[in-house]
**Q** 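Please find one structure pasted underneath; my questions will follow.
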Amino acid sequence: MMMHPTIDPVALQLGPLAIHWYGLTYLAAFALFVGLARWRLHHEPYASQVALGSWSKQDIEDILFYGVLGVVLGGRIGYCVFYSPGYYLMHPLEVFAVWQGGMSFHGGMLGVFVATAWYAKKRERPWLWVTDFIAPCVPTGLAAGRIGNFINGELWGRAADPSLPWAMVFPQSGTLIARHPSQIYQFLGEGILLFIIMWVYARKPRPIGAVSGVFMMGYGSLRFMAEYFREPDAHLGLLALGMTMGQWLCVPMVGIGAWLFVYANRHEKTV
């Protein structure tokens with residue numbers, strides 16, 4: 001079995017300025033989003049809208065701005081509500097202590113839904129048209145985030161058979177138990193595999209809402225499976241039916257995604 005390579009969280013020190021690897025992964029996520037979104041403008045039905053002047057590269061910058069707000073606010077609020085509601089009810093001011101860590105993907109996703117709905121209303125566009133546009137551009141950002149988790153040695157996996165070739169000891173866990181490098185599993189699943197699925201599916205025009213439905217089903221299913229290899233949150237452990245909080249949050253996500261996909265294809269509504 002391998003030892004987790006202890007990596008200095010500071011990638012570059014310039015006098016008093018410390019540039020952290022985690023911050024660089026966020027920058028990489030934003031850069032990948034912008035690059036892929038610009039490429040996506042060449043896909044139909046967006047390419048036709050660009051020719052008509054109703055979509056442009058400026059829309060990508062605006063969507064990114066709203067999306068970042070949604071991710072940060074939704075991710076933090078979601079973590080407080082889903083994972084430690086009792087604690088934050090007793091210590092409400094610590095909701096704002098984002099430097100202490102604690103972000104929820106599912107909360108961030110809800111935040112992005114609200115942010116894009118606001119954006120769509122301001123631009124007088126169908127909301128699901130906007131979410132269909134951004135969905136294929138999201139997985140690479142998730143992949144970058146999982147690389148950041150691995151570098152930081154956080155969100156490690158459950159105990160693994162020491163004979164597993166890629167089993168890894170995470171000293172940050174306080175034990176010398178061989179574990180699954182679940183951050184890498186999630187990088188490959190929710191990041192790379194989901195990106196390939198989304199990009200191939202969204203390459204052709206689809207009914208409004210179908211691409212968003214595929215994303216919700218895809219992420220929810222892959223995250224659900226990855227949770228079987230990821231160490232449950234220490235303060236929550238396993239919940240009903242032996243499932244983690246992450247898995248329980250994925251269940252409605254997959255269900256809503258499946259309903260949206262079926263609904264979109266039945267109505268075949270396009271822009």
**Q** Hey, is Asp62 close enough to Lys57 for a salt bridge, meaning N to O under 4.0 Å?
**A** no
**Q** Looking only at non-hydrogen atoms, find the nearest pair between Val112 and Gly67 and report the distance.
**A** CG2-O, 3.9 Å
**Q** Atom CG in Leu36, atom CD1 in Ile134: separation rounded to 0.5 Å?
**A** 12.5 Å
**Q** Listed by chain and number, what are the salt bridge (Lys or Arg N to Asp or Glu O under 4.0 Å) partners of Glu227, not counting sequence neighbours?
**A** Arg223, Arg230
**Q** For Val169 and Met3, which heavy atoms make the closest approach, and how far apart are they?
**A** CB-SD, 3.5 Å
**Q** Is there a side-chain contact between Asp233 and Thr244, using heavy atoms and a 4.5 Å cut-off?
**A** no
**Q** Write out all pairs satisfying side-chain hydrogen bond (donor to acceptor under 3.5 Å, both in side chains) with one or both partners inside residues 12-32, taking only residues at least two apart or from two chains.
**A** Tyr22-Asn149
**Q** Mind running side-chain contact (heavy atoms from CB on, under 4.5 Å) on Phe170 and Ile177 for me, showing each step along the way?
**A** CA-CA 8 Å; Phe170 289 86; Ile177 296 174; over 6 Å; no
**Q** Please tell me if the side chains of Phe150 and Ile147 come closer than 4.5 Å, counting only heavy atoms from C-beta onward.
**A** no
**Q** So, taking the atom named CZ in Arg206 and the one named NZ in Lys204, what distance separates them when rounded to the nearest 0.5 Å?
**A** 6.5 Å
**Q** May I have the step-by-step check of side-chain contact (heavy atoms from CB on, under 4.5 Å) for Tyr46 and Asp132, ending in yes or no?
**A** CA-CA 10 Å; Tyr46 306 99; Asp132 283 352; 3.6 Å; yes
**Q** Examine Leu188 and Leu32 and state if one hydrophobic cluster contains both, with Ile, Leu, Val, Met, Phe, Trp and Tyr joined whenever side-chain heavy atoms are less than 4.5 Å apart.
**A** no
**Q** Quick check: does any side chain N or O of Ser84 sit under 3.5 Å from a backbone N or O of Cys80, one acting as donor and the other as acceptor?
**A** no
**Q** Counting the benzene-type ring for Trp, do Phe105 and Tyr219 have ring centres under 6.0 Å apart?
**A** yes
**Q** Hey, could you give me the CE/CZ distance between Met253 and Phe224, rounded to the nearest 0.5 Å?
**A** 13.5 Å
**Q** Answer yes if Val262 and Trp259 sit in the same cluster of Ile, Leu, Val, Met, Phe, Trp and Tyr residues linked by side chain heavy atoms under 4.5 Å apart, and no otherwise.
**A** no
**Q** Quick one: does Leu14's side chain get under 4.5 Å of Ile19's, heavy atoms only?
**A** yes
**Q** Do NZ/NE/NH1/NH2 and the carboxylate oxygens of Arg179 and Glu231 come within less than 4.0 Å?
**A** yes
**Q** Looking only at non-hydrogen atoms, find the nearest pair between Ala167 and Ala178 and report the distance.
**A** CB-CB, 4.1 Å
**Q** Go through the steps to decide whether Trp127 and Tyr119 satisfy the test ring pair (Phe, Tyr, Trp, His ring centres under 6.0 Å), and finish with yes or no.
**A** CA-CA 8 Å; Trp127 173 52; Tyr119 170 83; over 10 Å; no
**Q** Side-chain contact test, heavy atoms from C-beta onward, threshold under 4.5 Å: evaluate it for Pro139 versus Glu190 and give yes or no.
**A** no
**Q** Side-chain contact, heavy-atom cut-off 4.5 Å: Leu142 with Phe195?
**A** no
**Q** Heavy-atom distance under 4.5 Å between the side chains of Phe30 and Val34, does that happen here?
**A** no
**Q** May I ask you to check whether Trp199 and Trp39 place their ring centers less than 6.0 Å from one another?
**A** yes
**Q** Looking only at heavy atoms, which two atoms of Pro232 and Leu238 are closest? And how far apart?
**A** CG-CD2, 3.7 Å
**Q** Once rounded to the nearest 0.5 Å, what's the spacing between atom CZ of Arg146 and atom CZ of Phe187?
**A** 12.0 Å
**Q** Are His106 and Phe82 close enough, and set up right, to give a ring pair (Phe, Tyr, Trp, His ring centres under 6.0 Å), and what steps lead you there?
**A** CA-CA 9 Å; His106 296 89; Phe82 298 146; 7.3 Å; no
**Q** For the side chain of Asn152 and the backbone of Glu154, is there at least one donor-acceptor N/O pair under 3.5 Å apart?
**A** no
**Q** Ignoring hydrogens and geometry, is there a side-chain-to-backbone donor-acceptor pair from Ser54 to Gln49 under 3.5 Å?
**A** yes
**Q** Shortest non-hydrogen contact from Cys137 to Arg40?
**A** SG-CD, 4.2 Å
**Q** Please report the closest heavy-atom contact between Val254 and Ser221, naming both atoms and the distance.
**A** CG2-N, 3.6 Å
**Q** Does either side chain, that of Ser182 or that of Trp156, offer a donor lying less than 3.5 Å from an acceptor on the other one?
**A** no
**Q** Report the C-alpha distance between Leu128 and Leu260 in whole Å, list the side-chain angles of each, state the deciding distance to 0.1 Å, and finish with yes or no for side-chain contact (heavy atoms from CB on, under 4.5 Å).
**A** CA-CA 10 Å; Leu128 288 174; Leu260 182 58; 3.8 Å; yes
**Q** I'd like to check Arg203 versus Pro136 (side-chain heavy atoms, cut-off strictly below 4.5 Å). Are they in contact?
**A** no
**Q** When the aromatic ring centroids of His43 and Phe133 are compared, is their separation below 6.0 Å?
**A** no
**Q** Shared ILVMFWY cluster between Met243 and Met217, side chains joined below 4.5 angstrom?
**A** yes
**Q** Does one hydrophobic cluster hold both Val251 and Met216, with members joined at side-chain heavy-atom distances below 4.5 Å?
**A** yes
**Q** Can you tell me how far the OH atom of Tyr201 sits from the CZ atom of Phe215, to the nearest 0.5 Å?
**A** 14.5 Å
**Q** Check for me, please, whether Trp129 and Leu52 land in the same ILVMFWY cluster - side-chain distances under 4.5 Å, paths through other members count.
**A** no
**Q** Does the side chain of Tyr228 come within less than 4.5 Å of Tyr185's, by heavy atoms?
**A** no
**Q** Out of curiosity, Leu110 CG to Ile77 CD1, how far, rounded to the nearest 0.5 Å?
**A** 10.5 Å
**Q** Should we say atom CD of Gln58 is surrounded by more than 12 heavy atoms from elsewhere, each under 6.0 Å from it?
**A** yes
**Q** Let me see the working for Leu249 and Tyr83 under side-chain contact (heavy atoms from CB on, under 4.5 Å), right down to the final yes or no.
**A** CA-CA 11 Å; Leu249 292 174; Tyr83 290 89; 3.9 Å; yes
